[in-house]
Amino acid sequence: MIHSPYIRKPASVQRVMGTVLVALLPGLAAYVWQFGAGILVNLALGSVAAIAIEALVMRLRKRPVALAVGDLSAVVTAWLVVLSIPPIVPWWITLLAVIISIGAAKHLYGGLGQNPFNPAMVAFCALIVAYPALMSQWPGAGQLDFAAQLDLILGGARQPDGITAATALDALRTGMRSGASVGTVFSGNSAFGMAGGRGWEWVAAGYALGGLILLGTRVITWHLPAAFIAMLAVVSGLFWLIDPTQHASPLFHLASGGAMLAAFFIVTDPVSGATTPRGKLIFAAGIALIAWLIRSFGAYPDGIAFGVLLMNICVPLIDMKTQPPVFGHRGGHS
Amino acid sequence: MRSLFRFHGGVKPATNKAASTSEPIVKAPLPRRLVVPLHQSIGGTPHPLVRAGQRVLKGELIGAADGNVSSAVHAPTSGLVTAVEPALMAHPSGLTMLSVIIEPDGEERWAELDRLNYKSTPPDELRDFVRDAGIVGLGGAVFPTHLKMNPGREGRTRTLVLNGAECEPFITCDDMLMRERAAGIVKGTAILRHLLQADEVLIGIEDNKPEAVAAMQTAVRAEGESMEVVAIPTRYPAGGAKQLIRVLTGIEVPHGRRSTDFGVQCFNVGTAYAVFEALTCGHPLISRIVTVAGNVDRPRNYEVLIGTPMSDVVRLSGQRTDTTRYLMGGPMMGMRMPGFDVPVVKATNCILVASDALFPPPPPEQACIRCGECAHACPADLQPFELYWFSRAKNFGKAQEYHLFDCIECGCCAYVCPSHIPLVDYYRFSKSEIWARERDKSASDQARERFEFRNFRQEREKEEKAAKLAAKAAETRAKLATEPAVDGAAATPAADAAEDPKKALIAAALARAQAQRAAAQPKNTENLSAETQAEIAQIEARRRTAGSAPAADPAPAGTAASAPDTQP
């Protein structure tokens with residue numbers, strides 16, 4: 001028996017996920033332009049693996065396979081995790097990333113909608129702890145041609161020092177450790193570009209453009225990216241103003257690492273994130289704060305993934321404490 | 001320009017209103033049979049005042065309001081009552097309801113009609129009149145109107161809101177009523193205003209009905225009334241009473257509170273028109289405007305007598321062959337009818353003719369991804385997905401904590417849900433579960449109270465008994481102590497009594513019982529006639545002479561029961 005309402009907006013999970021994939025395209029285009037097509041190989045590999053694992057797990061769980069594969073959520077997870085890790089990781093790292101994110105972080109908790117942690121970030125954290133060397137080999141802009149990248153992905157000989165350069169965040173860390181000031185570190189290293197890491201500024205701009213698509217199509221609300229960007233800018237800006245020789249500028253922080261990808265695509269994961277308007281602000285600001293702390297004082301060059309997982313833990317509490325007042329129960333009336 | 005307020009959320013589905021507004025309202029022809037349910041308002045079921053075989057006149061009272069929270073029911077036309085029996089209700093449950101079945105005689109002869117001058121009639125009489133005219137909220141809620149015709153605690157109302165928003169897709173009955181009968185609506189509103197002592201009157205109409213807005217403005221000017229016709233932004237559910245009050249006045253009436261507590265009262269335009277008709281023409285509520293739309297060739301509005309089978313009305317618009325069911329109301333909140341021939345009732349604003357092509361069954365339900373679209377659309381500012389999770393987990397306490405009962409079931413959340421979850425069904429389930437549990441709880445509370453009282457009573461009786469016994473025992477003991485032993489039989493227990501008061505008590509009780517028996521036994525023969533007693537004496541004498549009888553029987557008439565005692 002069907003009850004009211006009898007009409008529905010033409011919306012679907014598939015359409016939401018499809019919009020996210022489309023919104024990733026500008027960033028991806030900039031990525032390929034600046035760093036070569038190697039990322040596409042891992043992206044394709046990750047997508048196929050994601051679909052296969054999703055189908056396999058749904059089959060094992062005796063749930064409708066076609067519906068789950070068709071909603072494209074597995075492909076979105078795969079894209080996000082592949083875009084978070086270096087583009088030239090060997091194929092089995094990509095496979096592992098997808099298995100951890102979809103097989104474990106998503107389906108062990110009950111599948112789509114049930115996972116308390118961001119699947120892509122769980123995989124990222126697991127891999128950076130397990131394979132720190134492979135996970136920090138990022139090619140410089142224009143450094144490797146496609147053949148070399150393909151060779152590395154498919155398991156060719158790896159001579160990391162020769163093929164990769166330190167990223168901007170890495171270079172900054174090492175430089176600061178050796179007692180140099182921000183200015184000298186920047187001037188003496190080809191990893192730095194106009195704003196953040198060389199080449200990465202364009203990718204970040206692409207992600208930001210994609211973020212606007214998500215905002216325009218109302219897949220995300222402004223709260224999460226705004227709070228994330230604002231917090232990262234405020235906290236880094238504050239320390240930069242106090243001592244610009246010891247702290248990088250807000251612009252550098254925003255344009256480096258995965259900041260833009262995180263602001264529009266990672267912290268906006270609806271399933272594992274806070275849902276109330278105020279809760280979203282707290283959640284995203286918390287991630288930005290943790291990320292900046294780890295970047296500035298921690299053992300890893302970037303801390304967004306850890307920030308996301310730590311804030312995921314807080315989501316039930318945040319949501320509970322930030323329930324918006326319902327109709328007629330706002331202040332003013334008794 | 002009045003500055004308006006906005007309510008959170010809402011949706012903008014295709015309105016589908018144009019098709020049914022191209023033709024004026026037309027009277028639906030008299031059907032062969034009218035089925036008038038007695039219960040057509042919130043509150044008590046009216047008592048039937050007619051029997052099968054009785055003739056009734058148009059507008060004659062056939063069901064009297066049961067108490068004040070109820071509303072009268074009238075014969076929609078003149079004719080013959082063929083039965084007063086349960087008939088299928090216009091409700092998805094498929095339950096039946098006591099109804100008066102009338103076979104029209106086609107003469108449309110009116111009963112004697114009462115009119116009232118509202119200005120010279122005391123308010124209490126006016127309210128009773130409206131109750132007895134069977135007027136209820138025609139927006140669909142069918143709340144008895146006379147109960148709302150009250151200025152509230154302060155004795156006056158700040159704002160009287162007239163609801164002509166009509167936000168549900170497909171429905172145009174209020175739109176057409178305002179276009180064609182604006183003067184009547186304004187006159188009815190003036191009556192309501194008089195009763196409510198309202199300072200201002202705001203007539204809210206969604207801005208997708210410019211003709212209705214213009215007609216109402218003209219009528220207000222023509223009647224010389226100071227009422228404001230306000231075009232409000234078209235956004236479902238702007239016609240919800242609370243949403244409309246919010247839009248027009250900025251006041252949010254919380255769940256469980258009356259709008260009169262905030263100085264506001266709200267009526268549907270159709271209700272105002274019915275009040276006008278009742279007071280000025282004397283016509284009780286026996287018909288209403290009904291939109292027929294959806295899967296029909298010629299969508300249109302009809303003036304339909306209450307009790308007309310829905311299929312009779314739909315036929316006028318040309319029902320298409322692939323029709324699967326009727327909905328009463330719109331596509332957002334309408335109710336599925338259990339059959340095609342259920343009667344049009346006072347709540348029937350629209351018969352939406354449905355087919356699988358027009359309203360396809362929803363795609364398969366997917367997992368909730370907490371995207372928040374539902375929260376974005378909820379006009380009650382709820383977090384529908386949280387309510388969904390709690391309902392799914394049957395965590396009803398938490399669902400209530402998250403204001404489940406503030407949900408007005410408008411359907412916005414389910415309308416926007418990308419996972420196609422029938423969210424409102426989950427809330428309906430939770431609400432009915434909570435109601436059922438509360439009923440069970442109050443039943444079990446009563447049972448527990450009864451049980452506890454029974455225990456208390458038994459305990460009290462036991463104590464009283466014990467106290468009585470103790471008192472008696474003390475008395476007996478005192479007696480035994482003072483009375484000297486008369487003979488051996490009595491002496492032994494008396495002697496024992498000195499050692500054991502309990503034994504003395506038992507002995508005393510035994511003695512008492514014997515005395516009682518002795519006193520009771522003669523009763524068997526006491527009331528016999530003299531002849532019978534003589535007969536018994538004769539028999540006794542015979543026995544004695546025969547020598548088989550007991551030697552001595554102290555009682556005048558020894559019975560069989562006492563005989564064995566004396567045998568060895």
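Just so it is clear: chains get the letters A, B, ... in the order the sequence lines come, proteins before strands, and each one is counted from 1. Quick caveat: nothing in here was measured; it's all calculated off a predicted structure.
Heavy atoms of A:Val16 lying under 4.5 Å from chain B belong exclusively to its side chain. If you measure heavy-atom distances from B:Pro169 to chain A, the contacts under 4.5 Å come from the side chain alone. Using a 4.5 Å cut-off between heavy atoms, A:Arg218 contacts chain B through both its backbone and its side chain. With a 4.5 angstrom heavy-atom cutoff, B:Lys12 does not touch chain A via any of its atoms. Within the 4.5 angstrom heavy-atom criterion, no atom of B:Glu401 approaches chain A. Contact of B:Ile408 with chain A is not made at all, since no heavy-atom distance falls under 4.5 Å. Both the backbone and the side chain of B:Pro361 have a heavy atom closer than 4.5 Å to some heavy atom of chain A. Using a 4.5 Å cut-off between heavy atoms, B:His8 makes no contact with chain A at all.
Between B:Phe396 and B:Trp435, the distance separating the two ring centers is not shorter than 6.0 angstrom. In this structure, the ring of B:Phe7 has its center no less than 6.0 angstrom from the ring center of A:Phe327.
Looking at A:Ile266 and A:Ser84, their side chains come closer than 4.5 Å, going by heavy atoms from C-beta outward. Contact annotation: the side chain of B:Arg320 never approaches that of B:Ser355 to less than 4.5 Å [non-hydrogen atoms, C-beta and beyond].
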Check: Given the rule in the ring-ring contact (aromatic ring centres under 6.0 Å, His included) test, do A:Phe264 and A:Tyr207 qualify, once you have shown the distances and angles that lead to the verdict?
Finding: CA-CA 7 Å; A:Phe264 293 102; A:Tyr207 287 143; 9.3 Å; no
Next item on the list: Would you sort out whether A:His329 and B:His403 count as a ring-ring contact (aromatic ring centres under 6.0 Å, His included), showing the intermediate values?
Entry: CA-CA 10 Å; A:His329 297 276; B:His403 303 279; 5.0 Å; yes
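No donor-acceptor contact under 3.5 angstrom links the side chains of A:Lys321 and A:Thr276, judged on distance only.
The candidate with the highest count of non-hydrogen atom pairs below 4.5 Å against chain A, out of B:Pro13, B:Cys371, B:Gly334, is B:Gly334. Note on B:Glu409, B:His420, B:Met333: by heavy-atom pairs under 4.5 Å with chain A, the leading option is B:His420. Per-residue heavy-atom pair counts under 4.5 Å with chain A were compared for B:Asp406, B:Val424, B:Leu382, and the maximum is reached by B:Asp406. Chain A forms more heavy-atom pairs under 4.5 Å with one residue of B:Cys378, B:Ala375, B:Cys368, B:Gly372 than with any other, namely B:Cys368. Between chain A and the residues B:Val11, B:Leu423, B:Val416, B:Leu327, the largest count of heavy-atom pairs under 4.5 Å involves B:Leu327.
Ring planes of B:Phe170 and B:Phe359: perpendicular class, angle over 60° (limits at 30 and 60°).
Remark: B:Phe429 CZ is packed, more than 12 non-hydrogen atoms of other residues, nucleotides or ligands lying under 6.0 Å away.
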